[in-house]
Every structure is written in structure tokens, then in C-alpha cells.
Amino acid sequence: MKRTLRHYVKHSIKWVGRTRLVLGIISGLAFLYTWLVGKTGRFEVHGQEEFENMVAEHDGGIFVAWHGRALMLPFFWRNTRQMKALVSPHHDGRIIAGLLKKYHILSIDGSSDRQATTAAMDIIKELQQGTVVSLISDGPRGPNMRLHKSVIYFAQKTGKPIMGFTYSSEGAAMVKKSWDSMLLPKLFKRGIVYGTNPMFVPDNASEEEMEVLRQKFEDELNELTFKADERCGLPKVEPGDKVKTDRHAHHMRGKV
């Protein structure tokens with residue numbers, strides 16, 4: 001098949017955009033952005049003390065956030081005891097991993113079909129060793145603001161508690177065309193961070209009981225997101241069934 005000059009230019013740009021140097025620059029810019037927003041903004045943070053006490057009492061825990069509301073959270077948890085986050089091995093995930101590393105949060109590679117089982121085993125091992133594990137349950141492809149049952153499974157398997165966090169900020173931009181309605185806060189604005197109540201999953205919970213707990217946690221985290229947006233004067237974002245499309249992706253739909 002005949003290839004045009006435009007085809008080669010397009011793929012060359014895509015290749016350059018995935019090089020370690022370029023991904024590192026993007027990670028650095030993302031870190032600078034979040035740091036400036038956090039330092040210049042006036043954020044009320046609710047639930048941080050409860051989370052720290054929970055982690056200390058139970059020697060670890062599971063930190064949960066939505067994909068569209070995860071960007072600023074590393075800034076507020078940069079001084080938390082050892083934390084590791086499940087990150088996609090894809091190039092987008094490399095950007096996130098670079099950002100997290102600057103906040104002293106290490107990565108667990110996962111979310112792809114070939115690595116799902118390995119990632120699950122790594123998560124369980126880290127939790128059993130007292131690590132705080134961060135999970136973006138509706139990533140990397142959606143649907144947005146939907147909790148996957150794997151979070152409940154990890155809590156049941158390890159006996160570790162789960163706590164979810166979300167945030168909003170006055171005047172923030174919202175990428176409505178993206179599947180996750182990513183929130184992009186501005187500098188020098190008021191904001192608010194909310195945390196759910198800690199949740200424990202009995203080791204003998206049935207599938208039906210686990211589904212009830214999954215739905216309860218999802219509803220609570222969504223209600224706090226609605227509340228945060230209302231307080232910041234932003235429109236309500238509804239949970240959806242939209243999935244990020246990528247014909248080359250090997251990702252599961254946020255399964256682990």
C-alpha cells in the first residue's frame with residue numbers, strides 16, 4: 001500500500017511523542033502545574049487525618065479515586081507513608097508514573113490484559129506488607145465514576161480498609177469531551193477535598209454482599225463529588241457508560 005508523506009510525518013510525530021525524553025518533559029510540566037495549583041490555591045481537605053489514622057491502625061490501606069478527579073490528589077498525599085499506585089504500562093501511564101515519582105509515590109505496572117494477574121498479585125502482596133495502594137478504579141478507559149469489584153476483592157483478600165477521595169475547585173475547567181470529564185483546576189482558587197468513610201469487607205462476604213458494598217462505596221464517592229462541585233459552583237457530572245476508545249489499546253476496562 002502506498003504511503004503518503006503525511007502518513008510518515010504523522011507516525012514520526014507520534015513516535016517522538018512517546019520517547020522517554022518527551023514523556024519526561026510532560027511529566028515535569030504536569031508536576032509543576034499541580035504543585036502551583038496546590039501551593040497557590042486554598043483547599044479545604046477533609047478526611048486526611050482519618051485516612052492517616054486508618055492506615056496507622058491497620059498497617060496499610062486502599063486509596064481510591066476517580067480518573068477525572070485524581071490529578072491533584074498526589075499533592076495532598078505527598079507526605080503519606082509508603083504509597084504505591086497502579087499505573088498503566090502504556091505511554092499515558094508512563095506520564096502519570098513520572099508525575100507520581102516526583103511526589104515520592106511509586107508505581108505498580110498493570111491494567112493490561114497480559115499483566116492483570118501479575119498486577120493483582122503485586123497489589124495483594126504490597127497491601128499485606130503494609131503499603132498504601134492507590135487505585136483509580138474507573139481507569140484507564142472507563143466507564144467514569146464506576147467502582148470495579150476488584151477494589152472490594154482486594155479489601156476482602158487482605159483485610160485492609162478502603163477509603164475514597166475526590167475534589168473540586170472554583171472556576172475549574174472540565175474536559176467534557178473526554179470519557180472521564182477530567183477536572184483542570186486553576187491557580188489561586190478555592191477548592192475542597194472530601195474523603196469517604198473507611199470501608200471494611202468481611203473475609204467471608206458472599207458475592208451478593210460484596211456487590212452491595214461495592215455499590216455503597218461507589219454511591220458515597222459520587223455523592224461527595226457532587227457535593228464538592230456544588231460547593232465550588234460547578235455543574236454536576238453524572239456517572240456514565242462512556243469508554244475511552246483506542247483501537248491499539250490492550251488495556252482492560254479499569255479491571256484491576
Side-chain angles (χ1 to χ4, degrees), residues 45-74 76-78 80-87 100 105-108 110-111 116 119-140 142-167 180 193-228 239 252-256:
V45 182
H46 300 271
Q48 191 170 41
E49 184 177 350
E50 290 84 348
F51 180 78
E52 298 293 348
N53 291 339
M54 179 191 79
V55 167
E57 181 178 354
H58 298 280
D59 191 28
I62 303 172
F63 182 106
V64 178
W66 299 137
H67 198 276
R69 302 299 171 111
L71 184 61
M72 285 302 304
L73 295 180
F76 300 107
W77 270 266
R78 60 191 182 279
T80 299
R81 61 180 284 174
Q82 185 180 23
M83 180 183 281
K84 292 188 177 181
L86 182 66
V87 178
L100 294 175
I105 299 172
L106 302 179
S107 300
I108 300 172
S111 296
M121 293 174 63
D122 288 343
I123 289 168
I124 292 171
K125 180 180 178 181
E126 293 290 348
L127 288 169
Q128 291 173 336
Q129 293 177 345
T131 302
V132 176
V133 174
S134 174
L135 300 174
I136 306 302
S137 182
D138 58 347
N144 65 305
M145 300 170 72
R146 302 293 187 186
L147 187 77
H148 193 266
K149 62 183 180 181
S150 59
V151 176
I152 303 300
Y153 166 77
F154 293 137
Q156 181 196 46
K157 192 72 175 178
T158 63
K160 303 297 182 181
I162 316 166
M163 201 165 171
F165 286 89
T166 187
Y167 75 93
D180 62 351
V193 179
Y194 282 129
T196 67
N197 293 307
M199 174 177 282
F200 295 84
V201 180
D203 60 2
N204 62 346
S206 66
E207 289 291 328
E208 292 77 12
E209 290 169 332
M210 290 175 70
E211 171 56 23
V212 170
L213 292 173
R214 187 206 65 78
Q215 189 63 60
K216 179 182 178 181
F217 189 92
E218 178 184 292
D219 291 343
E220 183 179 359
L221 188 53
N222 281 336
E223 286 298 326
L224 289 176
T225 303
F226 304 152
K227 181 180 177 180
M252 297 195 317
R253 292 166 57 179
K255 300 303 187 210
V256 179

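We count residues from 1, following the sequence as given.
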With rounding to the nearest 0.5 angstrom, report the CZ to NZ distance, Phe154 to Lys149. 12.0 Å
Test your reading of the model: is there a side-chain donor-acceptor pair from Ser137 to the backbone of His148, 3.5 Å cut-off? yes
Answer yes or no: is there a side-chain heavy-atom contact under 4.5 Å between Asn222 and Trp66? yes
Between the OG atom in Ser107 and the NZ atom in Lys84, the distance rounded to the nearest 0.5 Å is 9.5 Å
Under 4.0 Å between a side-chain nitrogen and a carboxylate oxygen: does that hold for Glu218 and Arg214? yes
Can you name the nearest heavy-atom pair linking Pro202 to Gln156, along with the distance? O-CG, 3.4 Å
Check whether any side-chain heavy atom of Glu220 sits under 4.5 Å from a side-chain heavy atom of Tyr194, and report yes or no. no
Are the side chains of Met199 and Ile152 in contact, using a 4.5 Å heavy-atom criterion? yes
In short, Met163 meets Phe217 closest at the heavy-atom pair C-CZ, 3.8 Å
May I ask you to test the Met145-Phe226 pair for a side-chain heavy-atom distance under 4.5 Å? yes
With a 6.0 Å cut-off (strictly less than), is the heavy-atom count around CZ of Phe76, excluding the residue itself, greater than 12? yes
Any side-chain heavy-atom pair of Thr196 and Ile162 under 4.5 Å: no
Any sub-3.5 Å donor-acceptor pair from Thr166's side-chain atoms to Thr225's backbone N or O? no
Please find the pair of heavy atoms, one from Gln48 and one from Phe165, that lie closest to each other, and give the distance. N-CE2, 4.3 Å
Using a 4.5 Å cut-off on heavy atoms from C-beta on, say whether the side chain of Leu86 contacts that of Ile123. yes
Checking Arg146 side chain against Asp138 main chain: does a donor-acceptor pair fall under 3.5 Å? no
Under a 4.5 Å cut-off applied to non-hydrogen side-chain atoms, are Leu73 and Phe63 in contact? yes
Mind listing the closest non-hydrogen atom pair of Tyr167 and Ala70 along with its distance? CE2-N, 4.1 Å
So does His58 get a backbone contact from the side chain of Lys160, meaning a donor-acceptor N/O pair under 3.5 Å? yes
Minimum heavy-atom distance Met54-Pro198, with the two atoms named: SD-CB, 3.5 Å
If you compare all heavy atoms of Thr131 against all heavy atoms of Leu127, which two are closest, and at what distance to 0.1 Å? O-CD2, 3.7 Å
